[in-house]
Engineer: 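One structure, as structure tokens, below. Some questions next.
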Protein chains: 2
Amino acid sequence: MGNNIGGINRIGKTHNMIKKVKLLKPALGREEKRQLKLDAILRHAAAAFMEKGYYKTSLDDIARLHKVTKPTLYYYIRNKEDILIKCEAVASQRINGLLDDVTALDDNGFAQLKKFIEGYVEIVTDDIIRCHIRHRGQREDPAAREASLKMHREIEHRVREIIGRGVADGSLRPCNPTIIAILLFDALNGISAWYREEGDLNHEELVAQVLLIVTEGVKNKE
Amino acid sequence: MGNNIGGINRIGKTHNMIKKVKLLKPALGREEKRQLKLDAILRHAAAAFMEKGYYKTSLDDIARLHKVTKPTLYYYIRNKEDILIKCEAVASQRINGLLDDVTALDDNGFAQLKKFIEGYVEIVTDDIIRCHIRHRGQREDPAAREASLKMHREIEHRVREIIGRGVADGSLRPCNPTIIAILLFDALNGISAWYREEGDLNHEELVAQVLLIVTEGVKNKE
DNA sequence: CTATATTGTTACCCATGAGTAACTTAAACT
DNA sequence: AGTTTAAGTTACTCATGGGTAACAATATAG
């Protein structure tokens, strides 16, 4: 479906395993370990940001969660904002991955939209993604800010295209794809702020209700 | 429809006008003037918060916008957080006022929901309300936090009731009113983050699209 | 026209928290 | 071995910004 953090999709081949069997502890190359730790830091940070908010969370807080001291973090991140940027990269990959999957088959627009919604509700559960959704917009470095906006527009554009395709192929009724895409995103992103997997509301019911309102609307016809 | 800030709905009677005509400058009582200034400060603060965010906006920034110095603000507000609390009070009054209006007549649930949506899209344009929507959740004083949650739940509950009523009277199709209410709010609140009155998208089109998706859904039936 | 509350100012305090420098420990690689 | 590089630590600096004290001006009332 998506992919994981940096570049550790499969563990790096270990071409030296034949040479000598003295590598029992390493097992993971240093680069891989580094990526794993970065991922852990990101998760800790994201969890803290979701609980207390970006500004009320200090780097010391994050370091404490990770059981290291603050300066150590700087070995993995450039600065505080860089955490958000790295979360965004993860989010971008996951969401675009979903969109790739959804648009791969040549279903009609409605079917694709349905698949996207189902997948997105899944994605929106992840702490790193929730963190990104909540804090996208905090970027203060102008360049990072611009990059963030661009990636956001790109994703919105792809959903808009799905809707537009649906209108064209007749599977969706005539509507303004731009506005509908934005409204849909607002509702779906909102979910990330309140939905708890541990709660009594299960995934299926949630997805069903989203699909109900999006596809049929709530007005009774008879 | 709603009402304005503190308690200045009509200018306070001026029962002393007969006594002597030496009151030409005052015209507004001191209490009224104070409320007017508080309102202005709130608007300046809200505008700044919407542009730069709560934490990136200093009290000096707000003071500068209002053309006074920081300590002066403390004559009108208790502290920085108090600004958010006061914005919330305004928002609460406006939204509950709308709900009062909407539920006053005994239309069916669908008609009431429609009216609410139309009114809410209007409300969500105001800077103070936008500010509240964006920053509800930042409250750090536990008491204020609790009060905020309570008022939020109350409003959500009233909308849920409208939907429940609609399901009961048959004007809305069977659905989970709790989830639908939340999704609806997410979408509507989202509007406050991107919609600009000066933009090329006019109110009517926006409302029409929201109603389209909420009432009919986007799936084509034929 | 003075007395008094209301607004506002200048000049400060001080907690917080991001980021850095310099040093120590642990691991890896011939 | 023993040297290099990665990983982490303690102990700082330093800007920012919320909040306050003490003082100055202005208006309202008697």
Side-chain angles (χ1 to χ4, degrees), chain A residues 12 14-17 19-41 44-45 48-49 52-85 138-141, chain B residues 12 14-17 19-41 44-45 48-49 52-85 138-141:
Chain A
T14 58
H15 3 42
N16 39 8
M17 215 167 220
K19 285 179 71 177
K20 207 104 189 230
V21 206
K22 71 170 176 185
L23 38 114
L24 283 169
K25 279 180 298 177
L28 260 45
R30 35 181 187 269
E31 187 56 29
E32 280 82 1
K33 262 167 79 178
R34 190 194 172 75
Q35 289 293 342
L36 239 39
K37 284 192 189 161
L38 172 61
D39 184 42
I41 289 173
H44 281 135
F49 288 166
K52 312 172 52 179
Y54 180 73
Y55 289 100
K56 271 183 269 182
T57 304
S58 71
L59 287 175
D60 282 311
D61 290 335
I62 299 170
R64 206 172 305 121
L65 280 175
H66 196 60
K67 301 226 207 294
V68 292
T69 53
K70 181 172 59 169
T72 303
L73 296 181
Y74 282 84
Y75 194 78
Y76 298 92
I77 58 166
R78 230 192 282 284
N79 51 40
K80 196 179 183 186
E81 179 161 354
D82 193 40
I83 297 177
L84 295 183
I85 294 176
Q138 313 271 322
R139 221 79 359 119
E140 39 195 328
D141 172 45
Chain B
T14 58
H15 3 40
N16 39 7
M17 216 167 218
K19 283 179 72 179
K20 207 100 187 234
V21 205
K22 71 171 178 185
L23 37 114
L24 282 170
K25 279 180 297 177
L28 261 46
R30 33 180 190 268
E31 188 55 29
E32 280 82 1
K33 263 166 81 178
R34 192 194 170 76
Q35 290 293 343
L36 238 41
K37 283 192 191 162
L38 172 60
D39 184 44
I41 289 174
H44 282 134
F49 289 166
K52 312 172 55 179
Y54 181 72
Y55 289 100
K56 271 183 269 181
T57 305
S58 71
L59 285 175
D60 282 311
D61 289 336
I62 299 171
R64 206 172 304 120
L65 280 175
H66 196 59
K67 301 226 206 297
V68 290
T69 53
K70 179 173 58 169
T72 301
L73 295 180
Y74 281 84
Y75 195 78
Y76 298 93
I77 58 167
R78 232 192 280 285
N79 51 41
K80 196 181 184 186
E81 180 161 353
D82 193 41
I83 297 177
L84 295 184
I85 294 176
Q138 313 269 322
R139 224 79 357 118
E140 39 196 324
D141 172 45

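The chains referred to below are lettered A, B, ... by the order of the sequence lines, with proteins before strands, and numbering in each begins at 1.
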Engineer: Does the side chain of A/Gln35 reach to within under 4.5 Å of the side chain of A/Asp39, using non-hydrogen atoms?
Structural biologist: no

Engineer: Please tell me which of the listed nucleotides, C/dG19, D/dT9, C/dT7, lies nearest to the side chain of A/Val68?
Structural biologist: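 From the listed options, D/dT9 comes nearest.
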
Engineer: Within this structure, what is the CD1-to-C1' distance between A/Ile62 and C/dG17, rounded to whole angstrom?
Structural biologist: 12 Å

Engineer: Send over the distance from A/Lys56 NZ to D/dG18 C1', rounded to a whole Å.
Structural biologist: 15 Å

Engineer: Can you give me the dot-bracket string for DNA chain D, 5' to 3', counting Watson-Crick and G-U wobble pairs with both distances under 3.5 Å, using [ ] for crossing pairs and | for partners on another strand?
Structural biologist: |.|||||||||||||||||||||||||.||

Engineer: Is the shortest side-chain heavy-atom distance between A/Leu65 and A/Ile62 below 4.5 Å?
Structural biologist: no

Engineer: Is the shortest heavy-atom distance from the side chain of A/Thr72 to the side chain of A/His66 under 4.5 Å?
Structural biologist: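 No, their side chains stay 4.5 Å or more apart.
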
Engineer: Looking only at atom types and distance, does a side-chain atom of A/Lys70 sit under 3.5 Å from a main-chain N or O of A/Ser58, one as donor and one as acceptor?
Structural biologist: no

Engineer: Heavy atoms within less than 4.0 Å of DNA chain C: which residues of residues 69-81 of chain B have one? Give them sorted by number.
Structural biologist: B/Thr69, B/Pro71, B/Thr72, B/Tyr75, B/Tyr76

Engineer: Nearest 0.5 angstrom please: A/Leu36 CG to A/Lys33 NZ, how far?
Structural biologist: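 It comes to 10.0 Å.
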
Engineer: At 4.0 Å (heavy atoms only), tell me whether B/Lys37 reaches a base, stays on the sugar-phosphate, or touches nothing.
Structural biologist: sugar-phosphate

Engineer: Starting at OH of A/Tyr54 and ending at C1' of C/dT16, how long is that distance when rounded to a whole Å?
Structural biologist: 15 Å

Engineer: Keeping A/Gln138 on the side-chain end and A/Tyr54 on the backbone end, is there a donor-acceptor pair under 3.5 Å?
Structural biologist: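 No, A/Gln138 side chain to A/Tyr54 backbone: no donor-acceptor pair under 3.5 Å.
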
Engineer: Just how far, in rounded Å, is P of D/dT5 from CD of A/Glu31?
Structural biologist: 16 Å

Engineer: What's the spacing between B/Lys52 NZ and A/Glu140 CD if we round to 0.5 Å?
Structural biologist: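 Answer rounded to 0.5 Å: 10.0 Å.
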
Engineer: Quick one: are A/Ile85 and A/Arg78 in side-chain contact, heavy atoms under 4.5 Å?
Structural biologist: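 With C-beta onward as the side chain, the pair stays apart.
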
Engineer: A/Asp141 CG to C/dG19 P: how many Å, rounded?
Structural biologist: 12 Å

Engineer: How close or far is atom P of D/dT28 from atom CD of B/Glu32, stated in whole angstroms?
Structural biologist: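 That distance rounds to 13 Å.
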
Engineer: Rounded to whole Å, please give me the gap between NZ in A/Lys52 and P in C/dT16.
Structural biologist: 12 Å

Engineer: Looking at CG of A/Leu59 and NZ of A/Lys80, how far apart are the two atoms once the value is rounded to the nearest 0.5 Å?
Structural biologist: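 Going from the CG atom of A/Leu59 to the NZ atom of A/Lys80 covers 6.0 Å.
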
Engineer: Is the phosphate of D/dT28 approached by B/Lys33 (side-chain N or O, under 4.0 Å from OP1 or OP2)?
Structural biologist: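 Answer is yes, contact under 4.0 Å.
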
Engineer: What integer distance in Å separates B/Leu59:CG from C/dC12:P?
Structural biologist: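 Atom CG in B/Leu59 sits about 20 Å away from atom P in C/dC12.
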
